[in-house]
Each structure stands twice: as C-alpha cells, then as structure tokens.
2 protein chains.
Amino acid sequence: MPERRASARPKRKRDAAATREAILEAATRRLATQGYERAGVREVAADAGVTAALVNRYFGSKEGLFAEVIARALDMGHLLRDGRANLADQLARVVVYGGEDAPDGVLTPLLLLLHSAAEPRAIELFRRDLDRTQLRLLAEHIGGDDAAVRAAMVLAQLTGFAILHHVLRPEAFADARGEKLVALLSKSLAACIG
Amino acid sequence: MPERRASARPKRKRDAAATREAILEAATRRLATQGYERAGVREVAADAGVTAALVNRYFGSKEGLFAEVIARALDMGHLLRDGRANLADQLARVVVYGGEDAPDGVLTPLLLLLHSAAEPRAIELFRRDLDRTQLRLLAEHIGGDDAAVRAAMVLAQLTGFAILHHVLRPEAFADARGEKLVALLSKSLAACIG
DNA sequence: TTTCGAAGTCAACGGCCGTTTACTTGGAAC
DNA sequence: GTTCCAAGTAAACGGCCGTTGACTTCGAAA
C-alpha cells in the first residue's frame with residue numbers, strides 16, 4: 001500500500017501565515033469550481049493539509065472563510081490589463097481562453113459569482129464589494145455617459161459567456177473555434193462600451 | 001391561536017394528477033429562487049400541501065423531481081414570442097421586465113439555470129435539453145452562417161443580464177431606467193444576431 | 001354498506017456537515 | 001535540556017436532509 005496523502009505532501013513546517021494562505025488558496029479553488037454549498041470545510045482543509053477544526057479556528061466559520069475568499073478574489077483578479085486600448089477584445093480573450101484552474105486568474109471572480117448565485121450570503125458579499133472594485137474600474141476605463149450602467153452590462157456579458165463556455169458547454173461552443181467566439185463576444189461588448 | 005397552514009389551504013381532494021401538478025409547481029418556484037441545493041424536498045412538499053414521502057413516491061428521488069421540473073420549464077418557457085421581427089428588442093424586454101415570480105414565465109428557465117450552476121447533475125440535465133429546444137429554436141429564428149454559435153451567444157447574454165438584474169442587483173442597475181437597459185441590451189444582442 | 005386499492009401520512013434511519021471542546025505536539029527562547 | 005505557548009489534531013455533538021417501510025384514510029366500485 002502506498003503512502004498516505006499527508007506524507008505525499010511536502011509536510012509544511014508549522015507556520016501560521018503559510019497555513020492560512022494554503023487554506024485560502026484551497027478555499028478559492030473549491031468555491032470557484034463547486035460553489036458555496038458543495039464546497040465543504042473538511043474538503044478545503046484536506047486540500048490545505050490541515051483539519052477542519054483549524055479552518056474554523058482561523059476564520060471563525062465557513063461564512064467568514066469564504067467572505068475573505070471573495071474579498072481577496074475581487075481585489076486581486078483585475079479584469080483589465082494595463083493598456084486600455086482594445087478593451088472589448090482584451091476582455092473577450094480573458095473569458096474565452098482564461099484557464100479555470102488558476103486560483104488567482106482573472107476569470108476566478110466570475111466563476112465564484114456564478115457558482116454562488118444560489119447563496120444569499122455570498123451574493124451579499126459580492127454586491128457590497130463589486131460596486132467599489134471591478135465595476136468602478138471598468139466604469140473609469142469606459143468613461144462617457146452612463147459609464148456605470150455600461151460597465152454593469154459588460155460584466156453581465158462576461159458572466160453570461162463564462163457560465164455557458166465554462167459550465168454549461170453547449171454543443172455550439174464546443175464546436176466553434178476560439179477566435180470565432182472572441183470575435184462575436186468582443187463585437188457585442190463593443191456595442192455596450194460604445 | 002389561528003388555524004394551521006393546512007386548514008388555510010383549500011384542502012384539495014384526493015387527486016393524484018392535481019397533486020403531482022402542485023408538487024411540480026412548488027418545485028419549480030423553489031428551484032428558480034433557491035437553486036438545487038437549498039431547495040429541500042420537505043419545503044417543496046409543504047408548499048404543495050403534502051409530505052416529503054409522497055414527493056419521493058411520485059418522482060422517485062429529489063433528482064428525478066427536478067429533472068422533470070427542468071424538462072418542463074424548457075419545453076414551456078419559449079423565449080420567443082410569435083412574431084420574429086425585432087427579435088433583439090423582444091428578448092431584451094423579456095429579461096428586463098419579466099417577473100421572477102411567475103413559475104411558467106419565460107424568465108424561469110434562465111433563473112433555474114443560473115441558480116443550479118453549481119450542481120453538476122442539474123447542469124447535465126440542462127445541457128441535454130437545451131440544445132434540442134431553446135437553442136434550436138433560437139438558431140432557426142436567427143438563421144444565416146454560424147446560427148448555432150450566435151444563438152448560444154444570445155443565450156449567454158440573456159443569462160448574464162438575468163444574473164445581474166435579478167440576483168446580484170448592482171447599484172448601477174437599480175438606478176437605471178428600464179428603457180435604458182432595454183436599449184443597451186438589445187443593441188448588444190443585435191450585434192450577435194448580425 | 002362493505003370492500004379494497006390507491007392516496008397520503010408518520011416516524012425513523014443513516015449520512016453528511018458545520019462547529020466545538022479537550023487534548024497533543026512542535027519548536028523557539030531561556 | 002527544560003519550559004511554555006502557539007499550532008494542530010481527534011472526536012464527538014447536534015442538526016438537517018434525502019430516503020424508506022409500515023401504517024392509516026379516503027373514496028369509488030360492487
């Protein structure tokens with residue numbers, strides 16, 4: 001019989017900060033792929049190489065843990081790269097080609113959102129943070145009249161595309177080439193940006 | 001102390017077909033507002049005025065119940081009205097003004113989808129049924145080259161708008177007038193339809 | 001009115017999950 | 001090497017949920 005999971009891991013030394021980080025990373029991945037309900041505290045703890053009790057010790061509760069996950073994801077995962085030229089095309093490429101496995105990727109906040117749509121507490125956390133982070137940045141990049149509404153429309157399109165492309169995966173998307181999707185998406189994004 | 005819930009209800013006579021229908025209605029409402037995980041069999045049964053055991057008797061299991069809910073919703077809730085003129089504008093009005101409380105409304109399939117995004121079994125049911133109902137109808141109305149991909153893009157936009165407008169509700173959408181949203185959405189829908 | 005099958009209920013089982021309490025262990029400081 | 005607090009674990013509790021099997025009740029047919 002081979003070694004157990006725990007001994008296969010690098011067996012991190014006792015380091016509260018590093019352990020905290022490992023838990024947050026594991027929680028982000030679980031939340032982005034499974035959503036609030038299906039992401040269990042025991043699973044997250046096992047991914048991080050610790051016990052469920054320790055998770056609650058550090059973050060108070062499951063809700064506290066995922067609140068910090070969402071806040072961090074919204075702070076880190078800036079949807080926009082540095083240059084603001086070709087905004088529609090940039091955004092389109094992010095959601096078409098962005099890997100879903102990178103826990104700090106720009107796609108993560110979208111997956112977090114749509115996998116937690118059924119959880120009122122998670123939605124509350126998103127609403128509170130979104131307006132003053134991603135949407136504000138987007139609105140500044142867009143500018144002009146109705147910048148706030150247009151920014152929300154852009155976010156809506158990105159989220160909708162993400163749910164179809166990364167979760168539902170209808171036949172039409174599976175068959176289509178990536179560049180075809182980029183072209184269509186950036187075209188309708190441009191219609192919103194103006 | 002007032003009467004109990006059961007006596008406040010019309011106390012439907014023993015009618016298997018009617019009871020079945022009542023359970024399906026209640027399940028549809030619960031699934032559309034709470035998603036697969038949070039919609040409990042006991043709650044659904046109570047809404048329909050029966051016991052959880054009877055629900056499992058009629059539908060075999062929770063999964064069987066919601067499979068039928070999804071299939072029915074996709075069959076009934078045709079996104080498109082009869083006339084095919086101004087398709088973008090029609091669709092935009094549906095998701096902007098469509099009430100979320102009507103269990104047979106055209107908006108229901110979208111809410112079912114985005115509230116069940118975290119549940120793999122529900123996603124599987126959607127994928128299987130979507131391609132041969134809503135997406136096929138949409139593609140026929142759109143026509144031309146890449147009709148299938150364009151139809152999926154339209155569904156993505158509608159779903160994304162629904163999650164923002166009916167679930168997340170950012171400030172920008174709360175402040176905006178309905179007609180402004182219809183204008184923006186139909187414009188970017190038109191960019192996809194071509 | 002009696003009968004009998006279908007409609008519906010009741011209560012319990014087993015499992016999973018978030019949380020808590022008491023305990024053990026590691027490692028740095030002296 | 002001893003001490004001692006923080007890091008981490010083990011185990012259990014209580015609650016909720018889906019499911020099941022045995023029981024009860026309605027209502028139509030005879």
Side-chain angles (χ1 to χ4, degrees), chain A residues 4-27 30-31 33-69 115-116 118-122 125, chain B residues 4-7 9-27 30-31 34-69 115-116 118-122 125:
Chain A
R4 295 187 58 79
R5 276 274 183 83
S7 51
R9 211 178 298 277
K11 200 80 153 58
R12 171 186 57 250
K13 287 283 183 68
R14 282 195 170 197
D15 182 340
T19 301
R20 223 186 118 91
E21 199 66 22
I23 294 172
L24 277 174
E25 260 183 46
R30 287 279 179 181
L31 188 61
T33 56
Q34 302 184 312
Y36 189 92
E37 308 274 354
R38 299 183 61 83
V41 177
R42 274 179 244 258
E43 292 171 314
V44 169
D47 289 351
V50 293
T51 317
L54 195 64
V55 173
N56 268 351
R57 178 109 112 194
Y58 281 169
F59 299 95
S61 66
K62 175 180 183 178
E63 185 173 355
L65 168 63
F66 286 121
E68 196 157 330
V69 165
H115 274 129
S116 303
E119 179 60 33
R121 287 173 293 185
L125 296 170
Chain B
R4 294 188 58 79
R5 276 276 183 82
S7 52
R9 211 179 298 277
K11 201 80 154 60
R12 168 186 59 250
K13 287 282 184 68
R14 284 197 170 194
D15 182 342
T19 300
R20 225 185 116 90
E21 198 65 21
I23 294 172
L24 276 174
E25 260 182 46
R30 289 279 179 181
L31 188 61
Q34 302 184 308
Y36 188 92
E37 308 274 354
R38 300 182 59 84
V41 176
R42 275 179 244 258
E43 293 172 313
V44 169
D47 289 352
V50 293
T51 317
L54 195 64
V55 173
N56 268 352
R57 176 104 112 198
Y58 281 169
F59 299 95
S61 66
K62 177 181 182 178
E63 185 172 355
L65 167 63
F66 285 121
E68 195 156 333
V69 165
H115 272 130
S116 303
E119 177 61 33
R121 287 172 294 185
L125 297 169

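Treat the numbers as computed from the prediction; the structure is a model and nothing was measured.
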Between which nucleotides of DNA chain C, 5' to 3', does chain A make heavy-atom contacts below 4.0 Å?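 Boundary nucleotides touching chain A, in 5' to 3' order, are C:dC17 to C:dG27.
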Identify the heavy atoms of [X] and [Y] that sit nearest to each other, and give their distance.
| X | Y | answer |
| --- | --- | --- |
| A:Ala122 | A:Ser116 | CB-CB, 3.7 Å |
| A:Val44 | A:Ile23 | CG1-O, 3.9 Å |
| A:Ala52 | A:Ala45 | N-CB, 3.5 Å |
| A:Ala26 | A:Ala48 | CB-N, 4.2 Å |

Could you state the interatomic distance from OG1 (A:Thr51) to CZ (A:Arg57), rounded to the nearest 0.5 Å?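 Between atom OG1 of A:Thr51 and atom CZ of A:Arg57 there are 11.0 Å.
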Measure the OG1-NE2 distance between A:Thr33 and A:His115 for me, rounded to the nearest 0.5 Å.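 If we round to the nearest 0.5 Å, A:Thr33:OG1 and A:His115:NE2 are 7.0 Å apart.
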Check nucleotides 24-28 of chain D for protein N or O atoms closer than 3.5 Å to its own N or O atoms and list the pairs.
from, atom 1, to, atom 2, distance (Å)
D:dT25, O2, B:Arg14, NH1, 3.0
D:dT25, O2, B:Arg14, NH2, 3.1

Using the side chain to side chain contact (heavy atoms under 4.5 Å, CB included) criterion, which residues pair with [X]? Sequence neighbours excluded.
| X | answer |
| --- | --- |
| A:Ala67 | A:Leu125 |
| A:Arg38 | A:Gln34, B:Glu37, B:Glu119, B:Pro120 |
| A:Ala16 | A:Tyr58 |
| B:Leu24 | B:Phe59, B:Leu65, B:Glu68, B:Val69, B:Arg72 |

How is A:Ala53 classified with respect to the nucleic acid when contacts are heavy atoms under 4.0 Å: base, sugar-phosphate, or nothing?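 Base contact.
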Side-chain donor or acceptor of A:Lys62 paired with backbone N/O of A:Tyr36 under 3.5 Å: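 The answer is yes, because a donor-acceptor pair under 3.5 Å joins these two groups.
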Please work out which residues in residues 54-63 of chain A have a non-hydrogen atom less than 4.0 Å from an atom of DNA chain C and list them by number.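 Residues of residues 54-63 of chain A that come under 4.0 Å of DNA chain C are, in numerical order, A:Asn56, A:Ser61, A:Lys62.
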Once side chain to side chain donor-acceptor pair (under 3.5 Å) is applied, do any residues pair with B:Glu43, and if so which ones, sequence neighbours excluded?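 B:Glu43 satisfies side chain to side chain donor-acceptor pair (under 3.5 Å) with no other residue.
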Roughly what angle, to 10°, lies between the helix axis at the start of the helix from C:dT1-D:dA30 to C:dC30-D:dG1 and the one at its end, five pairs per end?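 Comparing the axis at each end, I get an angle of 10°.
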Going by heavy atoms closer than 4.0 Å, what residues in residues 34-45 of chain A are next to DNA chain D?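 Heavy-atom contacts with DNA chain D come from A:Arg42.
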